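First up is the structure itself, then whatever we jot down about it.
Because the structure is a prediction, the values reported are computed rather than measured. Letters A, B, ... mirror the listed sequences (proteins, then strands); counts begin at 1.
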Amino acid sequence: MNNLAFETPWALMGLILLLVPIFRSNMRATTYPWLDILPNDPLSELLNLLIRLLSMAALAALFLGLSGIYLKEQHVERIGRGAHIVMLLDRSNSMDNSFAGKAPSGNDISKADAARQLLTEFVDHRPHDLIGIAEYSTSPLFVMPLTENKQAIHAAIDATSIPALAYTNISKGLSMALSFFEHQPVSGSRIILLVSDGAAVIDPDSEAALRVLFKQQQVRLYWLFLRTDNSPGIFAEPEDQRDDNAQAMPELYLHRFFSSLKIPYHAYEAENPDAMQKAIADIDRLEKLPLHYRQAIPKQDLSAAFYGWASFFMLLLVGVKMCEARTA
Amino acid sequence: MMRFNSHGLKTVYLKDYRAWCLLLSLLAMAALFVFPTHKRNADIYNLTFVIDITRSMNAEDYRIAEQPVSRLEFVKLSLREFVRSLPCQSKVGLGVFTERRSTILFEPIEVCNGYPELDKSIAALDWRMAWAADSRIAGGLLDAMQLLEAKETALVFISDGQEAPPLNPRYRTDFSALNGKLKGLILGVGGLQPVPIPKFDPKGQRIGVYGPDDVPHRAYFGDSDLNPEKIEGYDARNAPFGKHAAVGDEHMSALRESYLQQLAAETGLNYQRLQNDRPLIDIGQSPALGSQQSIESDRRYYFALCALGFFLAIFLI
């Protein structure tokens, strides 16, 4: 019964009219000189009762139909292959440049465009995933909660076609992405897919907080690093001892930080759209753990059925009416 | 004494209003199943909300259940309620404005399917999402209009109209290229009485309010807009704005309604004010935002009521 709901519940007040067939008769009255003279007629009494009940049933069905009764959206638990994925997208200015580090011209596409196309495909490939989107530049932006609504995810990915914002503040972005998993059941794998073209220094306070959060939320981290030509990559070891610090090589230091988290972590360095494609395909292949997911069964309108019943009862009454005896 | 008489039965049957009523109600039910819906023109909306998340939106001049709430909180609550009230097939997108830029978080999504997502995303809006701290409203509005110009969505730009730092009237944003190109609305939020703006530390703890010394009270950018002869201590190179610091109440915030109305006139958008006791958007006042589309609407209730009327008549006449 908890699954039933009404579009216009006030129409249920009409159910009070069910009293009408009890107090009023729907049969032709025949004048009779003296009622006491009539013999007891149990069959007629029974028929009378049945006709009244039938009328009440017709009325009840009609009012339930009018109240717009429906079965609420239900969820059935199923097991599929998929994951809970939070995409954390870099919206810093440099994402609008091509992999060559210039403003895109001719056949070049910007890193943001390449990322957008690939992520769109990725989302279409993964039917059972719950996907959420967070973005960051100087501040984190909450974009889309974890959801199975693919249209909403596409709408959010499409919106990254507009110009990017400001600088790169990765620690705030990461904590926002991690916050998506709060109050979510642990099922299948939990993934943060970080798509960025640069890194930034994480201050010690945030670093400690992030360590705790990553452990608590049991997250697997994929870093898709879009490397611009001639920039140091995530795996580049410094040539000069003096460059071996987080300010000079933030990518390397961020990579070291992620590696030290003791969580499943994989970094991909992509220098062109093809390499990105490979990385995405890799993630697609790897993240196929069994996942409990809830499939929604959309709400079902029951009013049509009740209107049908009302018609059926009325039809019966018409039939009864046809059989009505005519008294002289 | 009962007696069946086929001929007599027929005449009596046809004369009996009860039989007619019963047949009519059955007929109404048949019509219900044959014509369950009809086409109707309804206003469908495709709106992109761009919401000011600058500091002045933290000023608390709305009340909910006698509790003061910030402008941003109030906007979020009103927006969530508004989204719930939109007819299906309408679409809502979301963006934020700060500094002199607007960004779109997601393109418009259908409200009935996407309601849970819309609701959560709106609830997650926060002033801490601002990537920079200025509040150049005209610039943000121009940016939002440019982003949406080529799209089939109307803009609802929500702001309190307080430019920070104050604007130098010499340098106004030029909207002439976009005037009238976009349907939309500027929604003014805030009270008309200036109220203090809360101040927060980097951890998000509230630490009092902005004082007069925290903010510039006039524009110091570019050439002075004042008459040099009237400025005390004027020096064209070293002190184009005079030798005294400007005083003012820019640390307080009120809805700058006339400024937003001026922007609305320049951009060809409508202007409305968000008031405590009114819905977010008074659809009646801004019919241009929606577009008439024919939608199938349920009219079974109409036939069901007819059937009910006939059916009850049997008992009540």
- Item | Sequence neighbours excluded, every pair satisfying salt bridge (Lys or Arg N to Asp or Glu O under 4.0 Å) that has a member inside residues 132-147 of chain B | B/R100-B/D134, B/R101-B/D143, B/R136-B/E163

- Has the side chain of B/S121 got a donor or acceptor atom that lies under 3.5 Å from a matching backbone atom of A/V143? yes

- Give the member of A/S55, A/G132, A/P140, A/S137 that has the highest number of heavy-atom pairs under 4.5 Å with chain B. A/S55

- Best-contacting candidate, A/A155, A/A304, A/A310, against chain B by heavy atom pairs under 4.5 angstrom: A/A155

First locate atom [atom1] of [X], then atom [atom2] of [Y], and finally report the distance between them rounded to the nearest 0.5 Å.
X      : Y      : atom1 : atom2 : result
B/W127 : A/S139 : CH2   : OG    : 9.0 Å
A/L146 : B/E117 : CG    : CD    : 10.5 Å
B/L24  : A/M314 : CG    : CE    : 11.0 Å
B/E107 : A/H154 : CD    : NE2   : 12.5 Å

- Query: Which region of B/I104, side chain (C-beta onward) or backbone (N, CA, C, O), has a non-hydrogen atom less than 4.5 Å from a non-hydrogen atom of chain A, or is it both or neither?
  - Reply: both

- Query: chain A heavy atoms under 4.5 Å from B/L312: which part of the residue, side chain, backbone, both or neither?
  - Reply: side chain

- Query: So what's closer than 4.5 Å to chain B heavy atoms on A/Y136: side chain, backbone, both or neither?
  - Reply: neither

- So what's closer than 4.5 Å to chain B heavy atoms on A/L62: side chain, backbone, both or neither? side chain

Specify the closest pair of heavy atoms between [X] and [Y], including all atoms of both residues, with the distance to one decimal.
X      : Y      : value
B/L23  : A/V318 : CD2-CG1, 4.1 Å
A/Q151 : B/I109 : O-CG2, 4.2 Å
B/M29  : A/Y307 : CE-O, 3.3 Å
A/G308 : B/F33  : N-CZ, 3.4 Å
B/M129 : A/F142 : CE-N, 3.4 Å

- Applying side-chain contact (heavy atoms from CB on, under 4.5 Å), run through A/L59 and B/L308 and close with a yes or a no. CA-CA 7 Å; A/L59 279 175; B/L308 181 70; 3.5 Å; yes

- Message: Is there a side-chain contact (heavy atoms from CB on, under 4.5 Å) between B/F311 and A/L317? Walk through the geometry before answering.
- Response: CA-CA 11 Å; B/F311 195 75; A/L317 282 168; 3.5 Å; yes

- Item | Step-by-step side-chain contact (heavy atoms from CB on, under 4.5 Å) determination, B/F106 to A/I157 | CA-CA 7 Å; B/F106 51 85; A/I157 294 178; over 6 Å; no

Atom [atom1] of [X] with >12 non-hydrogen neighbours under 6.0 angstrom:
X      : atom1 : result
B/K120 : NZ    : no
B/K91  : NZ    : no
A/E182 : CD    : yes
B/F175 : CZ    : yes
B/Y302 : OH    : no
A/I37  : CD1   : no

Without placing hydrogens or testing angles, list every side-chain donor-acceptor pair under 3.5 Å for residues 6-19 of chain A, not counting sequence neighbours.
{"residue": "A/E7", "atom": "OE2", "partner": "A/K299", "partner atom": "NZ", "Å": "3.0"}
{"residue": "A/T8", "atom": "OG1", "partner": "A/L66", "partner atom": "O", "Å": "3.0"}
{"residue": "A/T8", "atom": "OG1", "partner": "A/S67", "partner atom": "O", "Å": "3.3"}

- Most heavy-atom pairs under 4.5 angstrom with chain A, which of B/L147, B/T103, B/I314? B/T103

- Among B/F303, B/F315, B/Y301, residue most engaged with chain A (heavy-atom pairs, under 4.5 Å): B/F315

- Between A/D301 and B/R300, does at least one N-O distance fall below 4.0 Å, as a salt bridge requires? yes

